[in-house]
Every structure is written in structure tokens, then in C-alpha cells.
2 protein chains.
Amino acid sequence: MPYTISEAAARMHLSAPTLRYYDKEGLLPFVDRSASGVRVFKESDFEWLRLIECLKATGMPIRDIKQFIDWCLEGDATLPQRRDMFRERRRAVLAQMERLQATLDIIDYKCWYYETAAKAGSDLPLQSFKPEDLPEDVRKIRERILARCGC
Amino acid sequence: MPYTISEAAARMHLSAPTLRYYDKEGLLPFVDRSASGVRVFKESDFEWLRLIECLKATGMPIRDIKQFIDWCLEGDATLPQRRDMFRERRRAVLAQMERLQATLDIIDYKCWYYETAAKAGSDLPLQSFKPEDLPEDVRKIRERILARCGC
DNA sequence: GCAAGGCTTGAAGTGAACTTTAAGCCCGCA
DNA sequence: TGCGGGCTTAAAGTTCACTTCAAGCCTTGC
């Protein structure tokens, strides 16, 4: 049940110094210490670590994650702040997903472009390609790309 | 048709120093200069800038984007490398999308959790919640979360 | 003709998130 | 009893992607 910092780090695919850094930044106030000052990670600490990992994945800076942890320690009075924070995180993630979809369309188009060009040994023929000559699926991608940038 | 560096930056929602930085890093070898050494951006340069923006959005570091630009300058011989690069970028974007979907599930769950807790003024009742008591949609999210971490 | 404003460069500074180093403590084992 | 290994800390170093600064060059308007 109890884990040393190295074991906890391995389980979270992090380094021990990273966990120490998070602790120093105030992200891990819930981690217990042994009599001699050694960090002892318990099962429930991994819930917190997974949540921190999740918030980091939304692009949240350490400073703001600390704010959230602090709110958790303050108790029920900060429930509205925490609710608002997650609503805001939700918006941020949805925005990132849209951005990533737009990026994927361009990458997909380029994949087709370079697959075709590499097969032909040159991309000159592609320069004079007309939209009508594109394969159906590539044309669709191209249309989405053009629709987005408003050209 | 021609743009100064500040105009080009404004159009790309970047700063002029950022464009100079990109140029210094070798990302903009295609940008022309006036007789007195002033950068002059033409329409086709924005295609390049949009592509650089796209590659950055995939999480690609500047160094690797420069590699791609260099390949472009080298001509047809590097078409396979460029094709492979975009295939690899595609994999990276799909992985990011999956990661973001997993993150969104956790955030959605937390949104429900804190909306419920904030309404109740406390999150204690939620601690003893049974999965059966969850609303249908929240239960679905919860199941996806659990399925992912393999618990 | 000259001052203002925008361009140029190289170099130094910034902030975020670690990572590495150095010095020291504690525990288990031969 | 002493040695090795893993823990502790504070502090310094690293990387990335800019950003800011300083000094100077063009061009344009009064």
C-alpha cells in the first residue's frame, strides 16, 4: 500500500525530482511523511496525482493547479470556484480539440500531397492540380480547410 | 500585396519579434528583402506561415520545423522524408486527440461533481454516492474513464 | 535638413517546467 | 561498525520559445 517517491513516480510515469518539484510548488499537501521526513505515498494520493495530470493535460499552469488544490483544502466554501474552474477547463479543452481537428485536416491533406508527390518523384504535377481532380475524400478535407480560414 | 514585418505579424496574430526569431532560426528562407535589407512579405509567404503554424500546433519543435523547411529547399529528393514526417505528425495529432478526449471525460465528470456539490453546498453526500445513483450520461462518462485506466 | 517612426541586428532577459548537483541524513545488512 | 543505497533539501543549471534591449540604419513629412 505505501509507496516511496521513486515507486510513486514510476507508477505515474514521472521522475522523482518532478514529484518533489510538484510538492515544493504546493501541489501535494496531502502526501504523508514518515517520522524521519520521508514522503510516503498512499493509494488515495494517486487520485490526486491523476487529477493533477488531467489538469496539466488541459494546459493549466502549475500555479493555477496549486490554486485549485488550495481551494480543496479550504473546504465547501470554495465549491463554486472549483465548479467554475472545471467549466472553464471544459471550454479550454473543447477549443483545443477544435484546433487539433483543424490541424489534422491540414496534415491529412499534406499526407495525401506528399504520398502522391513521393510516388511520382516530383511535386510539380501537383502544383497544377485542379480541385476537381482531387480524390473525393481529399476534396472534402480541402473544403473544410478552406471553409475554416474563410477563403 | 507586399507586407512589412509588422503587417505580416498582425495578419498572422504574431508579434514582429516572433517573425524575426523564426527567420533567425531558418524557418523563413523564402521571405524577400528590399534593397536596404528590409523584409518584404508576399502573399505566398503566408502559405508557409500557415503551414508553420499548423506544424507548431501538432507540438513540433522549431528545430524540426526547420528540418522540414530545409527539405523543401533541397527539392524532390526529400519528398519521401517529408511524406514520412507528415505521417508521423498525423500519428502525433491522433494521439493528442485521444489524450484530450480522455481528459475531457474526466473534466466532464468533475463538472457534474462540482455542479452537484456546489448546489448542495457540500461534497460530502457525493462521497457516498453509488454508481447506480449517477445520471445516465455521467455513468457513461465514468465507465469510459474507468475502462481507460484499466481499473 | 533633420526629427520621428519603423526597420535592422546581436545580445541579453524572461518564465515555465523541470533537471541536475551538492551536501547530508537514515536504514538495512555484512 | 561501517558502507551502500535511497531518501532529504536548497540551489543552480537547462531547454524552449519567445521578448526586450541597445544601437544603428532608412525613409518620409514638415
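The sequence lines fix the lettering, A, B, ..., with proteins before strands; numbering per chain opens at 1.
Look at CD on B:Glu25: it is 14 Å from C1' on C:dA11, rounded to the nearest Å. Separating the NZ atom of B:Lys24 from the C1' atom of C:dT9 is a distance of 9 Å, rounded to the nearest angstrom. Atom C1' of nucleotide C:dC18 and atom NE2 of A:His13 are separated by 19 Å, given to the nearest angstrom. We find that CD1 of A:Ile52 is positioned 13 Å from P of C:dA17, with the value rounded to whole Å. At whole-Å resolution of the value, CG in A:Asp23 and C1' in C:dA17 are 16 Å apart. The CD1 atom of A:Ile62 sits 14 Å away from the C1' atom of C:dT19 (whole-angstrom rounding). We find that CZ of A:Arg63 is positioned 7 Å from P of C:dA17, with the value rounded to whole Å. Atom pair A:Leu28:CG and D:dT9:C1' shows a separation of 16 Å (rounding to whole Å applied).
The A:Pro61 side chain lies nearest to C:dA17 when the options are C:dT19, D:dT9, C:dA17. Comparing D:dC18, C:dT9, D:dT9 against the side chain of B:Arg33 picks out C:dT9 as the nearest. Side-chain atoms of A:Ser36 lie closest to C:dC27 of the nucleotides D:dA17, D:dC7, C:dC27. Comparing D:dC18, C:dC7, C:dC18 by their closest approach to the side chain of B:Val38 singles out C:dC7. For A:Tyr21, the listed nucleotide lying nearest its side chain is C:dA17; candidates were C:dA17, C:dT8, D:dC7. Comparing D:dT19, D:dA17, D:dT8 against the side chain of A:Arg20 picks out D:dT8 as the nearest. Taking the side chain of A:Pro17 as heavy atoms from C-beta on, and the options D:dA17, C:dA16, C:dT20, the nearest nucleotide is C:dT20.
Ionic pairing of B:Glu115 and A:Arg87 is present here: one or more N-O contacts between side-chain nitrogen and carboxylate oxygen are shorter than 4.0 angstrom.
Listed pair A:Ser15 / C:dC18 fails the phosphate criterion, with no side-chain N or O lying under 4.0 Å from OP1 or OP2. Contact between the side-chain N/O atoms of A:Tyr22 and the OP1/OP2 oxygens of C:dA17 is not found at any separation under 4.0 Å. Residue B:Thr4 has no polar side-chain atom (N or O) positioned under 4.0 Å from OP1 or OP2 of C:dG6. Close to C:dA17, at under 4.0 Å from its OP1 or OP2, lies no side-chain N or O of A:Lys66.
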Open item on the list: For a ring pair (Phe, Tyr, Trp, His ring centres under 6.0 Å) check, start with the C-alpha distance between B:Phe129 and B:Trp112, then their side-chain angles and the critical distance, and finish with the verdict.
Closed with: CA-CA 13 Å; B:Phe129 234 58; B:Trp112 169 80; 5.8 Å; yes
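At the heavy-atom level, A:Ser6 lies under 4.0 Å from the strands shown only through sugar-phosphate atoms. Counting non-hydrogen atoms under 4.0 angstrom, B:Ser34 reaches nothing in the nucleic acid.
Figure legend: A:Lys110 and A:Tyr113 shown as a cation-pi pair, the cationic atom lying under 6.0 angstrom from the six-membered ring centre and within 45 degrees of its axis. Cation-pi geometry between B:Arg142 and B:Tyr109 is not satisfied (NZ or CZ under 6.0 Å from the ring centre, within 45° of the ring normal).
Under the side chain to side chain donor-acceptor pair (under 3.5 Å) test applied with B:Arg39, the options B:Asp45, B:Thr4, B:Asp23 reduce to a single match, B:Asp23.
Under a 3.5 Å cut-off, the side chain of A:Thr78 and the backbone N or O of A:Glu74 do not form any donor-acceptor pair.
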